[in-house]
Participant: 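The structure under discussion is supplied below as structure tokens; questions concerning it will follow.
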Amino acid sequence: MVTFKKVVLFGSNGQIGEPILEALANCKTQSFDITAVISPNADQPSASKSPNVTVQSADIFKKQDLVPLLKNADVVISALNGKGLEAQALIQDVAAEAGVKRFYPSEYGMHHIYRKPGDDTGHVHPMWDQKALINERAVRHPAIASGAMSYTMIGCGDFYNQPREPVWCPWSQKDVESYTFHILGSADAKADFTHTHDFARYLVASLCAPDVSHNAELNFTSEHISHTEIAALLEKHSGKKVEMLKISDDDKWAVVEDPKKAPKEQTESAFPVDFWYLVKGTQGDGAFWRPPGQVHNHLFPDVQVTTFDMYFKEMFGKSSS
Ligand SMILES: NC(=O)c1ccc[n+]([C@@H]2O[C@H](COP(=O)([O-])OP(=O)(O)OC[C@H]3O[C@@H](n4cnc5c(N)ncnc54)[C@H](OP(=O)(O)O)[C@@H]3O)[C@@H](O)[C@H]2O)c1
């Protein structure tokens, strides 16, 4: 059986990269030699002091920086985002030349075609299209086609514990007097949500079972739940009121067509406002979940999930239950 030892992680100080680095460093099943790549002058990732982690800074757009990083590596994990995603193709090329055996593209989401009322064709938001293009290229890389390299691509639900997203994840804020959930469509529609630390442990579990995750597209969810249910749990644990601010279909499509029409307070996000409208709109349409057969939690049953109930209990203290 194959066992991977040397792992190079790109985007190691990002929102998803940090939990992946922690899960790799603290893996109980096996020990990895981990190179955590950061951009020049970037902050050290939180797990940088772990004995099995070496932090290396590099310009990921320069082949001469990548070659020494990837020498003798078994696995490359990309947790890149934004501009950095554009370097992923070069990273995979250099990884192939170095004989890297497994590649994890920075997928970590769920894509949707959206349909406007009265329009007889589907549309893809540029952010989903960018990811789709990058993913298509990653899994059809010549090294993968030849069998020299394999891939593991992991999708998930909406990451719900993103404190930097006060509008997208209002429940992740602690020091507020009350909460406002922005509802597009039905608040009762259930959607797939994922906790970043659960996700990171799932990714590492897949790395510890290379045969199971060989050339595999896997999906992982922490909880399938509606905004109405999240609101009830949040009110119970925080003791604070949750207001449901309904955005009409007309307003939704107006903002998707022209994001400048969004109220300013709704633009507080790392993502463009039309993008989160489409994500929340898909949730409210009851379409932001994967059907049975497309969720693969069962492959790694030791990975514990964090439900919203557990997350709020941790956030507001055990006395809140
Ligand atoms: N399912 C969901 O709800 C959800 C939510 C958010 C993200 N995601 C996905 O998760 C993945 C990671 O996103 P994230 O939220 O963790 O992103 P993030 O916090 O912005 O982190 C991105 C990482 O990429 C690095 N990076 C970006 N540009 C770079 C460059 N030019 N050179 C070197 N490094 C660069 C950043 O390093 P520096 O900061 O040092 O440049 C950082 O470590 C993406 O695929 C994203 O689409 C999914």
Side-chain angles (χ1 to χ4, degrees), residues 4-27 31-71 73-92 94-95 100 102-109 127 130-131 134-135 138 152-156 158-166 168-169 172-173 194-207 220 268-271 306:
F4 296 137
K5 182 74 179 165
K6 186 171 175 198
V7 180
V8 181
L9 171 65
F10 289 86
S12 62
N13 59 356
Q15 182 178 235
I16 316 305
E18 285 226 325
I20 293 174
L21 184 59
E22 274 173 41
L24 282 167
N26 299 322
C27 179
S31 101
F32 295 103
D33 291 342
I34 309 149
T35 301
V37 185
I38 55 169
S39 41
N41 310 316
D43 293 342
Q44 293 281 314
S46 55
S48 58
K49 298 224 163 32
S50 300
N52 49 350
V53 173
T54 308
V55 180
Q56 295 269 4
S57 89
D59 181 342
I60 59 173
F61 288 87
K62 288 201 178 127
K63 184 170 177 180
Q64 67 267 31
D65 276 23
L66 295 172
V67 170
L69 281 178
L70 297 176
K71 196 169 165 217
D74 296 313
V75 178
V76 165
I77 301 172
S78 167
L80 292 165
N81 204 7
K83 182 88 185 138
L85 271 177
E86 292 167 25
Q88 198 180 271
L90 175 65
I91 291 169
Q92 191 176 8
V94 178
V100 166
R102 177 65 57 88
F103 190 74
Y104 282 70
S106 184
E107 164 41 35
Y108 320 149
M127 288 192 61
Q130 181 202 27
K131 285 291 277 295
I134 288 171
N135 290 342
T152 308
M153 180 141 77
I154 313 186
C156 56
D158 189 351
F159 283 130
Y160 72 80
N161 58 318
Q162 300 186 64
R164 73 179 184 195
E165 294 290 343
W168 189 316
C169 301
S172 64
Q173 312 298 303
T194 301
H195 191 289
T196 54
H197 288 270
D198 298 351
F199 179 83
R201 288 194 306 272
Y202 185 85
L203 186 151
V204 173
S206 78
L207 204 50
F220 173 80
E268 259 186 82
S269 172
F271 297 96
T306 308

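We count residues from 1, following the sequence as given.
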Participant: What pairs with A200 under side-chain contact (heavy atoms from CB on, under 4.5 Å), at least two apart in sequence or on another chain?
Facilitator: P19, I20, A23
Participant: Are any non-hydrogen side-chain atoms of I154 and S206 less than 4.5 angstrom apart?
Facilitator: yes
Participant: Restricting to ring pair (Phe, Tyr, Trp, His ring centres under 6.0 Å), what partner residues turn up for F159, sequence neighbours left out?
Facilitator: F199
Participant: For the pair N161 (side chain) and T196 (backbone), establish whether a donor and an acceptor sit closer than 3.5 Å, ignoring hydrogens and angles.
Facilitator: yes
Participant: Which residues satisfy the ring pair (Phe, Tyr, Trp, His ring centres under 6.0 Å) test with F61, sequence neighbours excluded?
Facilitator: none
Participant: Check ring pair (Phe, Tyr, Trp, His ring centres under 6.0 Å) between F103 and all other residues, then give those that pass, not counting sequence neighbours.
Facilitator: none
Participant: Counting only heavy atoms not in K5, do more than 12 fall under 6.0 Å of its NZ?
Facilitator: yes
Participant: With heavy-atom distances below 4.5 Å as the criterion, would you say the side chains of M127 and F271 are in contact?
Facilitator: yes
Participant: Do the side chains of D65 and K62 get close enough for a salt bridge, i.e. N-O under 4.0 angstrom?
Facilitator: no
Participant: Would you say the side-chain atoms of N52 and S31 include a donor-acceptor pair closer than 3.5 Å?
Facilitator: no
Participant: When you compare the side chain of E18 with that of S12, does any pair of heavy atoms fall below 4.5 Å?
Facilitator: no
Participant: With side-chain contact (heavy atoms from CB on, under 4.5 Å) as the test, would you mind laying out the steps for V37 and L9 before giving the verdict?
Facilitator: CA-CA 6 Å; V37 185; L9 171 65; over 6 Å; no
Participant: Using side-chain heavy atoms (C-beta onward) and a distance below 4.5 Å, is V8 in contact with V75?
Facilitator: no
Participant: Out of curiosity, I60 CD1 to E86 CD, how far, rounded to the nearest 0.5 Å?
Facilitator: 9.5 Å
Participant: Partners of S172 by side-chain contact (heavy atoms from CB on, under 4.5 Å), sequence neighbours excluded?
Facilitator: P163, C169, Y311
Participant: Checking side-chain polar atoms at under 3.5 Å, does Y202 have a donor or acceptor matched by the opposite partner on T194?
Facilitator: no
Participant: Is there side-chain contact between L66 and L90, with heavy atoms separated by less than 4.5 Å?
Facilitator: yes
Participant: Drop me the distance from S106's OG to I16's CD1, to the nearest 0.5 angstrom.
Facilitator: 8.0 Å
Participant: Please step through side-chain contact (heavy atoms from CB on, under 4.5 Å) for the pair I77 and F10, ending with a clear verdict.
Facilitator: CA-CA 6 Å; I77 301 172; F10 289 86; over 6 Å; no
Participant: Within the distance-only criterion (no hydrogens, no angle test), does the side chain of K131 pair as donor or acceptor with the backbone N or O of E107 below 3.5 angstrom?
Facilitator: yes
Participant: Any side-chain hydrogen bond (donor to acceptor under 3.5 Å, both in side chains) involving residues 32-44? Give me the pairs, sequence neighbours left out, ordered by first then second residue.
Facilitator: none
Participant: Kindly say whether S78 contributes a backbone atom to a donor-acceptor pair with the side chain of Q88 at under 3.5 angstrom?
Facilitator: no
